[in-house]
Amino acid sequence: MLDDSALEQQLAQARAALREVSRSAVPREREESVAEAADGRLRVTLGTDGRLSAVEIDPRVLRDGSEYLADELRRAVNAALDGQDPGVGAEPMPDLAAMTATLERIQDQGLRQMREMSLAISETMRKLQQRS
């Protein structure tokens with residue numbers, strides 16, 4: 001079983017490791033994604049927020065009809081979406097600073113409670129030995 005100082009040392013090491021990770025963790029940023037369709041006459045851009053930021057249509061593509069334009073626009077948007085990094089923005093980055101603070105608070109509380117229990121057990125043992 002660990003004594004108080006060994007436990008406190010392990011907890012201090014865990015806290016230091018968590019602080020180090022939180023300093024070095026940088027969330028990845030989404031990059032702009034561009035795709036073309038209709039032989040380059042249609043171009044769509046997805047911004048860094050993952051939303052459609054620009055649509056460029058060469059007026060000549062309008063001559064091919066609305067159905068063709070809709071199909072090519074869908075194809076271009078899907079290609080731009082495919083060009084996005086799927087790992088970016090999919091899962092939010094945890095707030096490591098908040099996790100560290102919570103962990104430290106829980107560890108400090110746990111250590112205090114362990115000391116109180118240890119003192120209570122020692123006091124009970126002392127009283128039992130006095131009665132014998």
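The heavy-atom pair separating A80 from A35 by the smallest distance is N-CB, 3.5 Å. The heavy-atom pair separating A38 from R75 by the smallest distance is N-NH2, 3.5 Å. Residues R60 and R41 share a closest heavy-atom pair of O-NH1, 3.7 Å. Between S53 and G47 the shortest heavy-atom distance is OG-N, 3.5 Å.
Here the CG-CG distance, from D39 to D64, works out to 9.0 Å after rounding to the nearest 0.5 Å. Here the straight-line distance linking atom CD of E36 with atom OG1 of T45 works out to 9.0 Å at 0.5 Å rounding.
Between the side chain of S118 and the backbone N or O of M114 there is no donor-acceptor pair closer than 3.5 Å.
Exactly one residue among L73, V34, I57 makes a side-chain contact (heavy atoms from CB on, under 4.5 Å) with V44. That residue is L73. Of the listed residues (Q113, R115, Q109), just one forms a side-chain contact (heavy atoms from CB on, under 4.5 Å) with L111, and that residue is R115.
At least one side-chain heavy atom of L69 sits under 4.5 Å from a side-chain heavy atom of L62.
Dense packing is recorded around CZ of R126, with more than 12 heavy atoms of other residues, nucleotides or ligands lying under 6.0 Å away. Around the CD atom of E123, the shell of radius 6.0 Å holds more than 12 heavy atoms that belong to other residues, nucleotides or ligands.
Remark: E32 pairs with no residue by the side chain to side chain donor-acceptor pair (under 3.5 Å) rule, at least two apart or across chains.
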